[in-house]
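Reading through the structure tokens given below for one structure.
Everything quoted here is computed from the prediction, not taken from an experiment.
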Amino acid sequence: MSIEFHIEAKSGAARAGRLITPHGEIETPVFMPVGTLASVKGVSQDILEELGVRILLGNTYHLYLRPGVEQVRKLGGLHRFMAWPRAILTDSGGFQVFSLNELRKVTEEGVTFRSHLDGSSHFLSPENAMQAQIGLGADIIMAFDECTEYPADSARMRASMEMTLRWAERSKKYFEEHKNEVPWNGFHVGAAERSQALFGIVQGGMDLQLRKESAERTIGISFPGYAIGGLSVGEPRPLTREVVESTIEHLPADKPRYLMGVGTPEEIVAYAKLGIDMMDCVLPTRAARHGLLFTSDGKISIKQARYAGDDSALDPNCGCRVCQRYSRAYLRHLYAANEVLAQVLNTIHNLSFYLDTMRTVRHSILLGKETGSSCVQSEPKP
RNA sequence: GCGCUCGUGGUGUAAUGGGAGCACGUUAGCCUGUCCAGCUAAAAGGUGCGGGUUCGAGUCCCGCCGGGUCCA
């Protein structure tokens with residue numbers, strides 16, 4: 001068994017669990033920082049460890065283009081290459097097919113696309129997406145899916161969902177046939193360490209009936225975990241929640257549930273309460289680099305002139321190394337001066353805030369409390 | 001002192017005699033499986049000053065003021 005998942009406590013629909021991977025245990029619900037190019041932009045791996053990050057995201061599409069899967073494989077796999085001893089999940093590249101849509105051509109066989117780096121032509125299919133992810137060696141890898149665009153009509157949503165299901169079967173078939181191949185030349189690691197788990201992805205657009213069907217048929221293929229994809233693609237927030245809430249009901253209770261690409265601090269708390277176990281989002285890291293910081297008192301745009309003389313801590317209720325040491329005035333100065341340190345510190349804080357938020361939710365589930373987090377409010381105080 | 005040259009938003013600059021634009025900066029907003037130190041928007045000049053030519057002048061002419069520079 002490549003991974004194990006144990007549920008330790010429940011509170012309403014929410015679960016506190018433990019995900020056991022070849023690279024360590026992960027307490028859920030968990031937020032997974034995004035490190036697309038084998039790097040969480042702005043922060044080093046030792047700081048991520050210090051923050052308590054147990055699992056990171058990597059991206060097959062980006063690593064495939066640069067530095068190349070073969071290069072990473074020769075260097076001992078993604079963990080060794082990026083010097084990250086804990087767990088990694090790689091996204092299959094399905095979402096990039098969606099988000100880079102001007103350059104793509106989707107067929108039953110797979111996707112032909114042009115590199116955003118140099119315009120060169122490439123082909124990604126369920127089979128070679130699996131091959132790439134086996135080569136990278138993440139603990140959890142994702143089926144190659146098609147992220148349905150929004151809005152889409154019902155015919156389009158169904159056709160897209162059906163193709164994702166066929167691609168899921170092909171992904172699993174290829175994975176089962178090749179997962180035991182020793183991928184890393186010259187580096188001798190145990191079979192346990194290189195064993196991987198392949199997760200399926202539920203699609204179906206915003207249609208609840210299609211979501212149900214997608215969930216049931218994806219479960220029919222059988223995966224050790226299930227993701228909800230195709231959300232946060234431009235739809236109204238209440239609709240996102242409605243689809244998640246509805247889809248969760250059709251997912252097995254004893255398998256990890258991963259909601260892809262979500263969300264704000266308020267949203268990750270809400271989804272954890274609905275029974276989501278894993279989430280990832282670029283928001284904390286990207287927003288940090290753009291000067292948007294999340295605090296116990298709501299959002300702060302640190303670039304605003306009002307903070308130029310503010311000597312107080314960024315978030316007085318936050319215990320992170322940034323809030324313990326630096327003032328808002330200093331953080332604002334660093335941002336205005338375009339100092340790299342601004343991105344570093346802002347990212348550390350936002351990740352710390354997200355991780356703390358999830359820890360608080362987990363704690364409250366273990367205590368059986370209905371309310372998840374006292375440190376998150378929906379709006380900043382006036 | 002003679003000659004030449006240049007004076008345009010905060011800064012740096014652009015505009016065959018015909019709607020004063022761009023960049024940076026400033027201010028605000030956005031960011032949800034990262035093409036992201038990204039994107040959007042707003043405020044900000046009536047062109048050093050005064051006259052003239054012209055239907056029309058940042059642009060041409062004259063004078064003044066200020067900067068640069070060559071010569072002596």
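- Residues from residues 25-37 of chain A that place a heavy atom under 4.0 Å from any atom of RNA chain B, listed by number: Val34(A), Thr36(A).
- For the pair Tyr61(A) OH and C35(B) C1', the interatomic distance rounds to 7 Å; values are reported in whole Å.
- Considering only side-chain N and O atoms, Gln304(A) lies nowhere under 4.0 angstrom from the phosphate OP1 or OP2 of U27(B).
- Residues passing the side-chain contact (heavy atoms from CB on, under 4.5 Å) test with Ala168(A), sequence neighbours excluded: Ile221(A), Phe223(A).
- Here Lys173(A) pairs with Glu177(A) under the side-chain contact (heavy atoms from CB on, under 4.5 Å) rule; sequence neighbours left out.
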Grab the N/O contacts between the protein and nucleotides 22-26 of chain B below 3.5 Å, and write none if there aren't any.
none

Please report, to 0.1 Å, the donor-acceptor pairs under 3.5 Å made by any side chain of residues 243-254 of chain A, with sequence neighbours excluded.
| residue | atom | partner | partner atom | Å |
| --- | --- | --- | --- | --- |
| Thr247(A) | OG1 | Val243(A) | O | 2.6 |
| His250(A) | ND1 | Ser246(A) | O | 3.2 |

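- With sequence neighbours excluded, no residue forms a side-chain contact (heavy atoms from CB on, under 4.5 Å) with Arg325(A).
- Residues passing the ring pair (Phe, Tyr, Trp, His ring centres under 6.0 Å) test with Tyr330(A), sequence neighbours excluded: Tyr326(A).
- Among residue pairs with one or both ends in residues 199-210 of chain A, none qualify as salt bridge (Lys or Arg N to Asp or Glu O under 4.0 Å); sequence neighbours excluded.
- Under a 4.0 Å N-O distance rule, the pair Arg166(A)/Glu108(A) qualifies as a salt bridge.
- In this structure, the nucleotide among G29(B), C36(B), G33(B) sitting nearest to the side chain of Lys303(A) is G29(B).
- A salt bridge links Arg15(A) with Asp277(A); the closest basic N to acidic carboxylate O contact falls under 4.0 Å.
- Applying the salt bridge (Lys or Arg N to Asp or Glu O under 4.0 Å) rule to pairs touching residues 38-60 of chain A yields Glu49(A)-Arg86(A), Glu50(A)-Arg321(A), sequence neighbours excluded.
- For Arg289(A), whose side chain is taken as the heavy atoms from C-beta onward, the closest listed nucleotide among G38(B), U34(B), A28(B) is U34(B).
- A57(B) and C39(B): their C1' atoms are spaced 40 Å apart (whole Å).
- Between the NE2 atom of His290(A) and the P atom of C31(B) there is a distance of 12 Å, rounded to whole Å.
- In G46(B) the O4'-C1'-N dihedral to the base is within 90° of 0, which defines a syn nucleotide.
- Below the 3.5 angstrom threshold, one finds a donor paired with an acceptor across the side chain of Thr285(A) and the base of U34(B).
- Nucleic acid contact class of Gly94(A) (heavy atoms, under 4.0 Å, all strands): none.
- Stems are defined here as 3 or more consecutive Watson-Crick or G-U wobble pairs with pairing distances under 3.5 Å; those involving RNA chain B are B:3-7 with B:65-69, B:10-13 with B:21-24, B:26-30 with B:38-42, B:48-52 with B:60-64.
- Of the candidate nucleotides G33(B), C35(B), G29(B), C35(B) has the atom lying nearest to any side-chain atom of His116(A).
- Within the 4.0 angstrom heavy-atom criterion, only backbone atoms of the sugar-phosphate kind lie near Asn59(A); the bases stay farther away.
- No donor-acceptor contact under 3.5 Å links the side chain of Arg286(A) to the base of C31(B).
- At C35(B), one or more side-chain N or O atoms of Ser99(A) fall inside 4.0 Å of OP1 or OP2 (strictly under the cut-off).
- Within 4.0 Å (heavy atoms only), Asp91(A) reaches at least one base atom of the nucleic acid.
- In this structure Ala227(A) satisfies the side-chain contact (heavy atoms from CB on, under 4.5 Å) test together with Met142(A), Ile201(A), Tyr258(A), Met260(A), sequence neighbours excluded.
- A salt bridge (Lys or Arg N to Asp or Glu O under 4.0 Å) check over residues 214-234 of chain A, counting only residues at least two apart or in different chains, returns the pairs Glu162(A)-Arg217(A), Lys212(A)-Glu216(A), Glu213(A)-Arg217(A).
- Gln203(A) comes within 4.0 angstrom of a nucleotide base, judged by non-hydrogen atoms across all strands.
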